[in-house]
Amino acid sequence: MLYPIVWKNNSVLLIDQTRLPNEYAVVEIHRSEDMAEAIRTMIVRGAPAIGVAAAYGMYLGAREIETSDRTEFLQQLEKVAQLLRSTRPTAVNLFWAIGRMMQTAYETLGTIAEIQQILLETAQTINAEDIQTCEAIGDHGLAALPKTPEKLIILTHCNAGALATAGYGTALGVVRSAWREGRLTRVFADETRPRLQGAKLTAWECVQEGIPVTVITDNMAAHCMKQGLIDAVIVGADRIAANGDTANKIGTYSLAIVAQKHNIPFFVAAPVSTIDFTLASGSLIPIEERHPSEIYQIGDTLLTPSGVEFYNPAFDVTPAELITAIITENGAFPPGDLVKSQTNSMV
Ligand SMILES: CSC[C@@H](O)[C@@H](O)C(=O)COP(=O)(O)O
């Protein structure tokens with residue numbers, strides 16, 4: 001199994017996702033500032049993965065604090081939390097993991113060294129739990145898939161795979177489980193402009209696992225659906241509002257509209273930690289805007305003339321009514337009934 005985030009020899013090892021698929025490189029992170037930069041520059045990316053990375057970032061920051069005074073320690077740890085929170089705004093798992101680490105620090109009584117040790121253990125727990133969560137999502141997703149045809153062709157967008165989590169993946173976790181159980185013919189991977197997570201990362205993961213994969217450009221999805229090539233769409237999520245509206249990689253919304261037009265089920269696979277029950281609807285989800293160079297440049301090649309303006313939102317919001325079900329570690333739920341996802345009551 002592929003593990004993109006590993007705690008080893010007192011540092012965090014990250015697979016550098018900016019270099020795949022051409023180069024498999026591992027980056028060693030020792031300091032919280034470097035973890036914040038790795039999240040910002042997308043060396044590590046994908047909602048659950050940046051949550052786990054931020055949890056380790058909190059520990060790295062905690063061990064840098066040199067004081068024996070508890071109040072001073074907590075104040076400095078809050079600054080580490082602020083730095084990590086400032087890296088990416090949309091994926092709520094980042095804020096969830098940092099919140100859990102801060103709460104652990106506040107609730108742990110004892111010496112600073114003891115708090116630091118508990119923080120390391122909490123980050124390791126968040127890491128291990130995420131893998132188990134993804135495996136459960138895979139199993140519940142398998143149960144939620146259409147029963148016919150017997151073998152499915154699944155379209156996915158961006159990368160919601162092992163690389164985007166601590167291991168196994170969410171949307172691609174369902175694909176993995178379907179492949180294991182003989183319910184999958186192949187995956188269609190949208191290339192996912194502008195950063196190409198589908199073409200680079202999802203395709204790479206599928207090749208590693210021996211899962212047949214066809215890469216298409218984003219504007220081919222409607223045509224493929226019309227031709228009857230796609231049986232189901234499964235995507236991940238960065239933040240799901242209480243009403244089921246779902247923020248995910250830019251391009252997801254148009255995919256959902258086209259899937260509905262062709263009567264193709266559209267699933268979102270995500271851990272419960274991606275659901276933000278504090279937001280009533282998707283219009284309240286903050287959408288990250290990234291640098292225009294992601295649009296006008298590929299490598300050293302400039303794609304557009306000078307004098308052009310750009311708009312580069314990294315995510316869009318798919319309205320709940322376009323989503324067939326949201327698959328979590330606790331089961332698959334209609335998007336209008338997410339409150340049940342907090343317990344094990346499966347629909
Ligand atoms: C399991 S990952 C779910 C989402 O985080 C994923 O679909 C996505 O949109 C990732 O965006 P990215 O900008 O690559 O971090």
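We count ligands from 1, going down the list as the structure has it; atoms in each ligand are counted the same way. These figures come from a predicted structure and were not determined experimentally.
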Please verify the inter-ring angle class for Tyr56 with Trp7; under 30° counts as parallel, over 60° as perpendicular, anything in between as tilted. parallel

Tested for side chain to side chain contact (heavy atoms under 4.5 Å, CB included) against Pro271, the lone hit among Ile137, Thr328, Ile240 is Ile137

Q | Neighbour count >12 (heavy atoms, 6.0 Å) for atom NE2, His262 | A | yes

Under 4.0 Å from one or more heavy atoms of Met42, ligand 1 contributes atoms 12 (P), 13 (O), 14 (O)

If I apply the N/O under 3.5 Å rule, does Ala47 come out as touching ligand 1? yes

Test side chain to side chain contact (heavy atoms under 4.5 Å, CB included) applied to Met42 and Arg88, step by step: CA-CA 10 Å; Met42 296 175 65; Arg88 298 197 71 190; 3.7 Å; yes

- Task: For Arg63 and Gln116, test the side chains for any donor-to-acceptor distance below 3.5 angstrom and give the result as yes or no.
- Result: no

For this session: Report yes if some N/O of Phe315 lies less than 3.5 Å from some N/O of ligand 1; otherwise report no.
Result: no

Ignoring hydrogens and geometry beyond distance, is a side-chain donor-acceptor pair present between Asn159 and Glu205 at under 3.5 Å?
yes

Candidates Asp238, Thr192, Ile39; heavy atom nearest atom 8 (C) of ligand 1 found on Asp238

- prompt: What do you reckon, does Thr165 have a nitrogen or oxygen under 3.5 Å from a nitrogen or oxygen of ligand 1?
  reply: no

of all protein heavy atoms, closest to atom 7 (O) of ligand 1 is Asn248 OD1, 2.6 Å

For Ala160, the atoms of ligand 1 under 4.0 Å from one of its heavy atoms are 1 (C), 2 (S)

Heavy-atom proximity to atom 12 (P) of ligand 1, picking from Arg195, Gln17, Glu288, Arg88, points to Arg88

of all protein heavy atoms, closest to atom 10 (C) of ligand 1 is Arg45 NH2, 3.5 Å

**Item:** Check: Pro89 main-chain N/O paired with Arg239 side-chain donor or acceptor under 3.5 Å
**Value:** yes

**Item:** Heavy atom of His157, distance to ligand 1 below 4.0 Å
**Value:** no

Looking at Leu172, Thr170, Thr156, the heavy atom closest to atom 1 (C) of ligand 1 belongs to Thr170

If we number the atoms of ligand 1 from 1 as shown, the ones under 4.0 Å from a heavy atom of Gln197 are 12 (P), 13 (O), 14 (O)

Output for pair (Thr246 OG1, Asp238 CG), nearest 0.5 Å, gives 10.0 Å

Consider every N or O of Lys249 and every N or O of ligand 1, then say whether any pair is closer than 3.5 Å.
yes

task = For the residue pair Ser281 and Asp245, confirm or rule out a side-chain donor-acceptor distance under 3.5 Å.
result = no

Atom 2 (S) of ligand 1: closest protein heavy atom, distance to 0.1 Å, is Ala164 CB, 3.4 Å

Filtering Ala91, Gly51, Ala237, Gly46 for the heavy atom nearest atom 3 (C) of ligand 1 leaves Ala237

Review point. More than 12 heavy atoms of other residues, nucleotides or ligands under 6.0 Å from NZ of Lys147: is that the case?
Key: yes

